[in-house]
Amino acid sequence: MPELPEVETIRRGIAPHLLGQRIDRLEVRERRLRWPIPLGLEQALAGQQIDSVERRGKYLLIGLERGTLLLHLGMSGSLRLLPAGLPAEKHDHLDLVLNQGQMLRLRDPRRFGALLWTTEDPLGHPLLRALGPEPLGENFDGATLYRASRGRRSAIKALIMDSKVVVGVGNIYANEALFAARVHPAHPAGRIGHERCARLAAVIQQVLTEAVTQGGTTLRDFLREDGRPGYFAQRLQVYGRAREPCPSCGAPIEQQRIGQRSSFYCPRCQR
DNA sequence: CCGGACGCCTGTCGGC
DNA sequence: TGCCGACAGGCGTCCG
C-alpha cells in the first residue's frame with residue numbers, strides 16, 4: 001500500500017505525538033508479520049523515551065534512547081493514534097502504548113509489514129544498508145538515473161521501482177512519473193538518454209512532492225494516523241484509469257503487466 | 001551481476 | 001446466492 005508519500009505523511013502525522021513521549025509498554029497480539037516480531041521486544045522497549053521519528057525509503061525509524069524500531073507497512077499496513085485501551089479489531093496486531101493516554105496501533109491485514117529492532121546504526125541494518133538514494137534528497141538526479149540504467153535491459157518502470165536505484169517509488173507513482181515524463185513504462189532502461197533521464201528524475205521528484213503535500217493517495221484503505229484520507233487520488237492521471245481518455249491527448253489509457261505489476265500508460269504520449 | 005518468477009497473506013470484486 | 005480466479009499500494013529470495 002504505502003509508497004514514499006504515504007509513509008512520509010504518516011511520519012509527519014505521528015512525529016509530534018511521539019517525540020519526547022515515553023513508551024509504557026508494547027502489546028503484541030500477532031507476532032507473525034513479514035518477519036516475526038522479535039521475542040522480548042516488549043522488555044526492550046518498556047520505559048524508553050522516543051527521541052526521533054524518521055523515514056528511510058518506505059521504512060519508518062523510531063529512535064529510542066537505546067536502539068531503533070524499524071517499521072515497514074508492506075502492502076496493507078496502517079498506523080493510527082488512538083486512546084490507549086480502545087478495543088482491538090481484526091488485524092490490529094500491536095499497540096505501542098505511550099505514557100500519556102495514547103497509543104500507536106498497527107493494523108495490517110496481509111501481514112507483509114514488519115517491526116524490527118536494532119541497537120546499532122539502523123542505516124547499517126541488512127534491510128536498509130543496500131538502499132539507493134532518497135528521491136527527494138541531494139543524491140538523486142538525472143545523472144544518478146542515467147548511471148544506474150546503463151547496460152540494463154529491463155523495463156524503465158522496473159528500474160525506477162528498484163529500491164537499490166532509488167527508494168520510495170512504488171507502482172502508483174512509477175506509473176504517474178512515467179506519464180508525466182512521457183516515457184513508455186516498458187522502454188528498455190539502458191536505451192534512455194541523458195535528457196530523458198533528467199526529465200524522469202525531475203518528474204519523480206515533482207510527483208512525490210505533490211503527493212506528500214496532498215497527504216498521499218487513498219485508493220482503498222490508506223488512512224493517516226488520525227483517520228483522514230490522502231487526497232492525491234484526485235490527481236492521478238493514469239493509475240487505475242484503463243480505457244479512460246488520456247488527460248493530455250484523449251487516446252484511451254492502456255493497461256499492461258510489466259514486471260508482474262499493472263502498468264497504465266498513454267500509448268500515444270509515452271514512447 | 002542481472003532479470004524474472006515466486007511466495008508471503010487477506011480481502012474484494014467480477015464473472016459465471 | 002455461492003464459488004472461483006484474478007488482483008491489490010511491497011519486497012526478499014531463489015533460480016537460470
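Chain A is the first sequence line, chain B the second, and so forth, proteins listed ahead of strands; every chain is numbered from 1.
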Hydrophobic clustering (ILVMFWY, side-chain heavy atoms < 4.5 Å, transitive) - are A/Leu131 and A/Met161 grouped together?
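Different clusters.
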Dump the pairs, protein N or O against N or O of nucleotides 2-5 of chain B, anything under 3.5 Å, distances to one decimal.
residue: B/dG3; atom: OP1; partner: A/Arg153; partner atom: N; Å: 2.8
residue: B/dG3; atom: OP1; partner: A/Ser154; partner atom: N; Å: 3.3
residue: B/dG3; atom: OP2; partner: A/Arg152; partner atom: NH1; Å: 2.6
residue: B/dA5; atom: OP2; partner: A/Gln260; partner atom: OE1; Å: 2.4
residue: B/dA5; atom: N7; partner: A/Gln260; partner atom: NE2; Å: 3.4

Say you pick atom P in B/dA5 and the same atom in C/dA6; how far apart are they, in whole Å?
16 Å
Looking only at atom P, what distance separates C/dC14 and B/dC9, rounded to whole Å?
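C/dC14 and B/dC9 have their P atoms separated by 16 Å.
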With sequence neighbours excluded, residues passing salt bridge (charged side-chain N to carboxylate O under 4.0 Å, His left out) with [X]:
{"X": "A/Arg243", "result": "none"}
{"X": "A/Arg268", "result": "none"}
{"X": "A/Arg34", "result": "none"}

Could you identify which residues cluster with A/Ile258, counting Ile, Leu, Val, Met, Phe, Trp and Tyr as linked when any side-chain heavy atoms lie under 4.5 Å apart, either directly or through a chain of such contacts?
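Members alongside A/Ile258: none; it stands by itself.
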Spacing of A/Arg107 atom CZ relative to B/dG11 atom C1', expressed in whole Å:
13 Å
Taking CZ from A/Arg257 and C1' from B/dC6, how many angstroms apart are they, rounded to a whole number?
13 Å
Atom OG1 in A/Thr68, atom CD1 in A/Ile62: separation rounded to 0.5 Å?
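Spacing of OG1 (A/Thr68) from CD1 (A/Ile62) equals 10.0 Å.
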Within residues 226-238 of chain A: residues closer than 4.0 Å to DNA chain C (heavy atoms):
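Of all residues in residues 226-238 of chain A, none places a heavy atom under 4.0 Å from DNA chain C.
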Can A/Asp226 and A/Arg224 be counted as an ion pair, charged N to O under 4.0 angstrom?
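Answer for the salt bridge query: no.
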Going by the ring pair (Phe, Tyr, Trp, His ring centres under 6.0 Å) test, which pairs reach into residues 62-82 of chain A, not counting sequence neighbours?
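Pairs touching residues 62-82 of chain A that pass the test: A/Tyr59-A/His72.
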More than 12 foreign heavy atoms under 6.0 Å from CG of A/Asp121: is that the case here?
yes
Within 6.0 Å of CZ in A/Arg25, more than 12 heavy atoms from elsewhere:
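Atom CZ in A/Arg25 is not crowded, with 12 or fewer foreign heavy atoms closer than 6.0 Å.
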Less than 3.5 Å apart, which donor and acceptor atoms pair up between the side chains of residues 183-198 of chain A and the rest of the protein, not counting sequence neighbours?
residue: A/His184; atom: ND1; partner: A/Ala186; partner atom: N; Å: 3.0
residue: A/Arg196; atom: NH2; partner: A/Arg271; partner atom: O; Å: 2.7

Consecutive-pair stems (at least three Watson-Crick or G-U pairs, under 3.5 Å) that include DNA chain B:
B:2-8 with C:10-16, B:10-16 with C:2-8
Kindly write out the residues that satisfy ring-ring contact (aromatic ring centres under 6.0 Å, His included) with A/Tyr239, not counting sequence neighbours, or none if the list is empty.
A/Phe264
Going 5' to 3' along nucleotides 9-16 of chain C, which nucleotides have protein heavy atoms under 4.0 Å from the base (write B), which only from the sugar-phosphate (write S), and which from neither (write -)?
BBBB----
Show me, pair by pair, the donor-acceptor contacts under 3.5 angstrom made by side chains of residues 80-91 of chain A, not counting sequence neighbours?
residue: A/Arg80; atom: NE; partner: A/Glu225; partner atom: O; Å: 3.4
residue: A/Glu89; atom: OE1; partner: A/Arg107; partner atom: NH2; Å: 3.4

